[in-house]
Amino acid sequence: TAVQEISGKPGPAQFKSSPKGTEESSYLLEWSSMSYTPITEFHLETRQAGSSAWRAYSVSPHADQELYHSAGKLYLTKLEPAMAYQARIKSHNKEGMSRWS
């Protein structure tokens, strides 16, 4: 049988940016997350593909065009050219944290 969790926690973030950047050493990462209560903060982590070390960021949300959604963005700079990177995000509201995106 399927189990359905009922929670006030936000949903996992959905990335809006294209997976391929257009600049050599920078990238604008954008995402959105659904929550019935306001999202207060996003926890973003990035790393070079294959690395075990994550770099952590705290990002303030802004209103998204979709109802009950908050959006975030961060301009990443000083990236290694032609290197793949990974990112993951947790959304935070008064009910708790989402799972990693």
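Since we're looking at a predicted model, the values are computed, not measured.
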Sequence neighbours excluded - salt bridge (charged side-chain N to carboxylate O under 4.0 Å, His left out) pairs with any residue from residues 21-33: none

Heavy-atom pair with the smallest gap, counting every atom of Met97 and Pro10: C-CD, 4.4 Å

Under 3.5 Å donor-acceptor, Ser33 side chain and Gly11 backbone: yes

Student check: side-chain heavy atoms of His62 and Lys73 closer than 4.5 Å: yes

Pairwise distance CZ(Arg47) to CD(Glu45) - rounded to 0.5 angstrom: 9.0 Å

Partners meeting side-chain contact (heavy atoms from CB on, under 4.5 Å) with Ser58 (sequence neighbours left out): Glu41

With Tyr57 via ring pair (Phe, Tyr, Trp, His ring centres under 6.0 Å) - residues at least two apart: none

Atom pair OG (Ser91) and CE (Met34), whose distance is rounded to the nearest 0.5 Å: 11.5 Å

Non-neighbouring partners of Tyr85 that pass side-chain contact (heavy atoms from CB on, under 4.5 Å), sequence neighbours left out: Gln48, Leu79, Glu80, Met83

CD1-CZ distance between Ile89 and Phe42, expressed to the nearest 0.5 angstrom: 7.0 Å

From CA spacing to verdict: side-chain hydrogen bond (donor to acceptor under 3.5 Å, both in side chains), His69, Ser32: CA-CA 6 Å; His69 282 73; Ser32 176; 4.7 Å; no

Non-neighbouring partners of Thr37 that pass side-chain contact (heavy atoms from CB on, under 4.5 Å), sequence neighbours left out: Ser35, Asn93, Lys94, Glu95

Contact summary for Arg88 and Trp100, nearest pair of heavy atoms: CG-CE3, 3.4 Å

side-chain contact (heavy atoms from CB on, under 4.5 Å) partners of Ala87, counting only residues at least two apart: Phe15, Leu29, Leu44, Thr46

Tyr27 vs Leu74, side chain to side chain contact (heavy atoms under 4.5 Å, CB included): CA-CA, chis, key distance, verdict: CA-CA 8 Å; Tyr27 180 76; Leu74 186 67; over 6 Å; no

Straight-line distance of Ser101 OG to His43 NE2, nearest 0.5 Å: 12.5 Å

